Novice: 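Got a structure for you, questions after.
All values below were derived from every heavy atom in this structure, side-chain atoms included, with hydrogens, water molecules and symmetry-related copies excluded. Values in this document were obtained by computation on a predicted structure and should not be read as measured data.
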Amino acid sequence: HSRLDNFCCLQLNKANIARRYLEFAINSSQQKQLFDAAFSQIRNGHPQEALQRCVSALEQFPQDANLICLAGQACLMLKD
């Protein structure tokens, strides 16, 4: 490989890293907004609405531990 080939690969890797970071930042922001909306329903005493928001958000972000826990909290509130 020439120096130019190495430079091009390095630039492509930097572009991929930047793109992935941006996607992560956008997803993190969306996840936080969805969590905050569901959490506000918990705070206001509306566990059914909170659970619905959590289930909907988990369709987009199924591995989000915060949303899973909040959904569990809403379920516990509904049980009482």
Novice: What pair of heavy atoms forms the shortest contact from P47 to A74, and how long is it?
Specialist: O-CB, 3.5 Å

Novice: For N66 and F35, which heavy atoms make the closest approach, and how far apart are they?
Specialist: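 In terms of heavy atoms, the two residues are closest at O-CE1, 3.7 Å.
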
Novice: Under the 4.5 Å side-chain heavy-atom rule for ILVMFWY, direct or indirect, which residues accompany V55?
Specialist: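 Reading the cluster by chain and number, V55 sits alongside L51, L78.
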
Novice: Which salt bridge (charged side-chain N to carboxylate O under 4.0 Å, His left out) pairs, counting each pair once, include a residue from residues 41-67, with sequence neighbours left out?
Specialist: none

Novice: Please report the shortest heavy-atom distance between L67 and A57, naming the atom on each side.
Specialist: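 It is CD1-CB, 3.6 Å.
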
Novice: For residues 31-40, pull every pair meeting salt bridge (charged side-chain N to carboxylate O under 4.0 Å, His left out), keeping only residues two or more places apart or in separate chains.
Specialist: K32-D36

Novice: NZ/K79 to SG/C75 distance, rounded to the nearest 0.5 angstrom?
Specialist: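 Going from NZ on K79 over to SG on C75, the span is 10.5 Å.
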
Novice: Quick one, Q73 and C69 - any side-chain contact, counting heavy atoms below 4.5 Å?
Specialist: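 They are not in contact (no side-chain heavy atoms under 4.5 Å apart), so the answer is no.
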
Novice: Would you give the length of the straight line joining atom CE of M77 to atom CD of Q48, rounded to the nearest 0.5 angstrom?
Specialist: 11.5 Å

